[in-house]
Q: 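Quick one: structure below, then a few questions.
For reference, positions follow the sequence shown, starting with 1. Small disclaimer: the values here were computed from a predicted structure and weren't measured.
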Amino acid sequence: MIELQDVTKRYVVGREEISVLQDVTLTIHDGAFVSIMGPSGSGKSTMMHIMGCLDVPSSGRYLLDGRRMDELSPTEMAHVRNRKIGFVFQNFHLLPRMTALQNVELPMAYAGVGRAKRRKEAERRLAEVGLENRLTHLPSALSGGQRQRVAIARALVNEPSVLLADEPTGALDSSTGQDIMSLFQSLNKTGVTVVVITHDPSVAEYAGRMVRLFDGRIVADHVAGGSRP
Ligand SMILES: Nc1ncnc2c1ncn2[C@@H]1O[C@H](COP(=O)(O)OP(=O)(O)O)[C@@H](O)[C@H]1O
Ligand SMILES: [Mg+2]
């Protein structure tokens, strides 16, 4: 379970202090599929970075599975990230000189998984996202949708309980974007909690709940479509 309690995030830029998140309180239960919408600059990525233990609040509390994350050391945060969270980004963030397999194996290497098991798991995850015939391709030899599938396979290899995606369809054409959202939907049905930031209402419709941010505050939070094929 994800629990943000009165979370604020402030930055000091020059002499000015800017509030990026203001009193954000949000609970996301295990197995949920949530979309986060809001204009550019409204604090979506900042909120996701806090959820993903990439950043800490300026004040307020962040609990993941009942445990305070805002009090952990950077090393402890990295450990939680590696074990519990999978990230997917707009521009895939694949390593260009590594094959699909090597990219997917990487988080397991950090987690200390042995070579043979890494290979087997990476192959299984790539097959799961429909890329069993692209194992030794470099990212440059894959389409945008295929690159995002590699990134999703990589996000899943350590069996995270939460998948966080920041504009995952932003660099894809709309039909490929819908395929990616269908993939998130089927992963969600296996029990993974999915949180997707998007600008696109048709993407948000895949989720069962929609949270809207404006100027660092939650301005809407309601049940959404969740029923697209
Ligand atoms: N490291 C930082 N220092 C100063 N301001 C920042 C920093 N990171 C983000 N911001 C500001 O916080 C606001 C929200 O950013 P962000 O969370 O990326 O918004 P969104 O993802 O909704 O577009 C923006 O105005 C941005 O300029
Ligand atoms: Mg953003």
Q: Examine Tyr206 and Leu172 and state if one hydrophobic cluster contains both, with Ile, Leu, Val, Met, Phe, Trp and Tyr joined whenever side-chain heavy atoms are less than 4.5 Å apart.
A: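 Linked, Tyr206 and Leu172 end up in one cluster.
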Q: Can Glu105 and Arg125 be counted as an ion pair, charged N to O under 4.0 angstrom?
A: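 So Glu105 does not pair with Arg125 through a salt bridge.
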Q: Side-chain atoms of residues 130-145: list all donor-acceptor pairs with protein atoms under 3.5 Å, sequence neighbours left out, distances to 0.1 Å.
A:
from	atom 1	to	atom 2	distance (Å)
Ser143	OG	Gln146	N	3.2
Ser143	OG	Gln146	OE1	3.4

Q: Once ring pair (Phe, Tyr, Trp, His ring centres under 6.0 Å) is applied, do any residues pair with His93, and if so which ones, sequence neighbours excluded?
A: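 With neighbours one apart ignored, the set is Phe89.
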Q: Quick one: closest heavy-atom pair of Ser45 and Asp166, and the distance?
A: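 Where Ser45 meets Asp166 most closely, the heavy atoms are OG-OD2, 2.6 Å.
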Q: Does Asp6 reach the side chain of Arg61, with side-chain heavy atoms less than 4.5 Å apart?
A: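 Result no, sub-4.5 Å side-chain heavy-atom pair not found.
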Q: Taking Arg209 as the fixed residue, which of Val223, Val195, Ile36, Asp221 is the one that meets the side chain to side chain contact (heavy atoms under 4.5 Å, CB included) rule?
A: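 Between Arg209 and the candidates, side chain to side chain contact (heavy atoms under 4.5 Å, CB included) is satisfied uniquely by Asp221.
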Q: Do the side chain of Asn188 and the main chain of Ala32 share a donor and acceptor less than 3.5 angstrom apart?
A: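 Pair found, side chain donor or acceptor close to backbone of Ala32.
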Q: Are Leu26 and Val34 close enough that some pair of their side-chain heavy atoms sits under 4.5 Å apart?
A: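 Contact flag for Leu26/Val34 side chains = no.
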Q: Mind checking whether Lys84 and Asp65 have side chains closer than 4.5 Å, heavy atoms only?
A: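 With C-beta onward as the side chain, the pair touches.
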Q: Is Lys44 reaching over with its side chain to a backbone N or O of Leu213, donor-acceptor style, under 3.5 angstrom?
A: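 Between the backbone of Leu213 and the side chain of Lys44 there is no qualifying donor-acceptor contact (under 3.5 Å).
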Q: Say you draw a straight line from OG1 of Thr169 to CG of Asp200; how long is it, rounded to the nearest 0.5 Å?
A: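 Result: 5.5 Å between the selected atoms.
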Q: Answer yes or no: is there a side-chain heavy-atom contact under 4.5 Å between Met47 and Leu4?
A: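 With C-beta onward as the side chain, the pair touches.
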Q: Residues in side-chain hydrogen bond (donor to acceptor under 3.5 Å, both in side chains) with Asp215, at least two apart?
A: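 Result, side-chain hydrogen bond (donor to acceptor under 3.5 Å, both in side chains) vs Asp215: none returned.
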Q: Does Val194 belong to the same Ile/Leu/Val/Met/Phe/Trp/Tyr cluster as Val211, with side-chain heavy atoms less than 4.5 Å apart forming each link?
A: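 Not linked; separate clusters.
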Q: Using side-chain heavy atoms (C-beta onward) and a distance below 4.5 Å, is Val24 in contact with Ile50?
A: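 Val24 does not reach Ile50 side chain to side chain.
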Q: Is it true that a side-chain atom of Arg118 and a backbone atom of Val113 form a donor plus acceptor pair closer than 3.5 Å?
A: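 Checked: pair present.
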Q: For a quick test of reading the model, state the closest non-hydrogen atom pair linking Ser35 to Ala207 and the distance between them.
A: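 Result for this residue pair: N-CB, 3.5 Å.
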Q: Could you measure the distance from the CG atom of Asn91 to the CD atom of Gln148? Nearest 0.5 Å is fine.
A: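 Between atom CG of Asn91 and atom CD of Gln148 there are 8.5 Å.
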Q: Taking ILVMFWY side chains as joined if any heavy atoms are under 4.5 angstrom apart, and letting links pass through other members, which residues group with Met98?
A: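 Direct or chained contacts put Met98 with Leu95, Leu106, Tyr110.
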Q: If I take atom CD1 from residue Ile2 and atom OG1 from residue Thr27, how far apart are they, to the nearest 0.5 angstrom?
A: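 If I round to the nearest 0.5 Å, the distance is 9.5 Å.
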Q: Got a sec, which residues hit side-chain contact (heavy atoms from CB on, under 4.5 Å) with Glu17, two or more places apart in sequence or on another chain?
A: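 In terms of side-chain contact (heavy atoms from CB on, under 4.5 Å), with neighbours along the sequence ignored, Glu17 is linked to Arg10, Val12.
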Q: If two hydrophobic side chains count as joined below 4.5 Å and joins carry through other members, does Leu156 share a cluster with Leu183?
A: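 Yes, Leu156 and Leu183 fall within the same hydrophobic cluster.
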Q: Any idea which heavy atoms bring Cys53 and Tyr62 closest together, and the distance?
A: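 Shortest heavy-atom contact: SG-CE2, 4.2 Å.
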Q: Dump the intermediate steps for side chain to side chain contact (heavy atoms under 4.5 Å, CB included) on Met108 and Lys117, then the final yes or no.
A: CA-CA 9 Å; Met108 290 186 281; Lys117 186 169 180 219; 5.9 Å; no
Q: Roughly how far, to the nearest 0.5 Å, is the CG atom of Leu164 from the CD1 atom of Ile28?
A: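 Going from the CD1 atom of Ile28 to the CG atom of Leu164 covers 8.5 Å.
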Q: Check the hydrophobic clustering (I, L, V, M, F, W, Y; side-chain heavy atoms under 4.5 Å; chains of links allowed) and say if Leu187 and Phe87 are grouped together.
A: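 Unlinked, Leu187 and Phe87 end up in two clusters.
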Q: Do any pairs count as a side chain to side chain donor-acceptor pair (under 3.5 Å) and have a residue in residues 66-75, sequence neighbours left out, and if so which ones?
A: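 Passing the test, one end in residues 66-75: Arg68-Asp70, Arg68-Glu71, Ser73-Glu76.
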Q: Taking C-beta and beyond as the side chain, do Ser202 and Met181 meet within less than 4.5 Å on heavy atoms?
A: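 Ser202 does not reach Met181 side chain to side chain.
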Q: Starting from Val88, can I reach Ile197 by hopping between I/L/V/M/F/W/Y residues whose side chains sit under 4.5 Å apart?
A: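 Result: no, two separate clusters.
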Q: If you round to the nearest 0.5 Å, how far is CG of Asp55 from CE of Met48?
A: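 Met48 atom CE to Asp55 atom CG measures 13.5 Å (nearest 0.5 Å).
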Q: Where do Arg149 and Val129 come nearest, in terms of heavy atoms and distance?
A: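 Nearest pair, atom of Arg149 first, then Val129: NH1-O, 3.0 Å.
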Q: What's the separation between atom CD in Glu121 and atom CG in Leu126, rounded to the nearest 0.5 Å?
A: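 That separation rounds to 11.0 Å.
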Q: So does Pro107 get a backbone contact from the side chain of Asn158, meaning a donor-acceptor N/O pair under 3.5 Å?
A: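 Judged by distance alone, yes, a pair lies under 3.5 Å.
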Q: Do Phe33 and Val196 have side chains that approach each other closer than 4.5 Å (heavy atoms only, starting at C-beta)?
A: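 Heavy-atom side-chain distance check passes, below 4.5 Å.
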Q: Kindly give the heavy-atom pair with the smallest separation between Ala151 and Phe92, and that separation in Å.
A: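 Looking at all heavy atoms of both residues, the shortest contact is CB-O, 3.7 Å.
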Q: Shortest non-hydrogen contact from Val7 to Pro57?
A: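 Distance-wise, the nearest heavy atoms are CG1-CB, 3.8 Å.
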Q: State, yes or no, whether a side-chain contact exists between Leu54 and Arg81 at a heavy-atom distance under 4.5 Å.
A: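 Result yes, sub-4.5 Å side-chain heavy-atom pair found.
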Q: With side-chain hydrogen bond (donor to acceptor under 3.5 Å, both in side chains) as the criterion, how do Ser59 and Thr8 come out once you've worked through the C-alpha distance, each side chain's angles and the decisive distance to 0.1 Å?
A: CA-CA 5 Å; Ser59 68; Thr8 65; 2.5 Å; yes
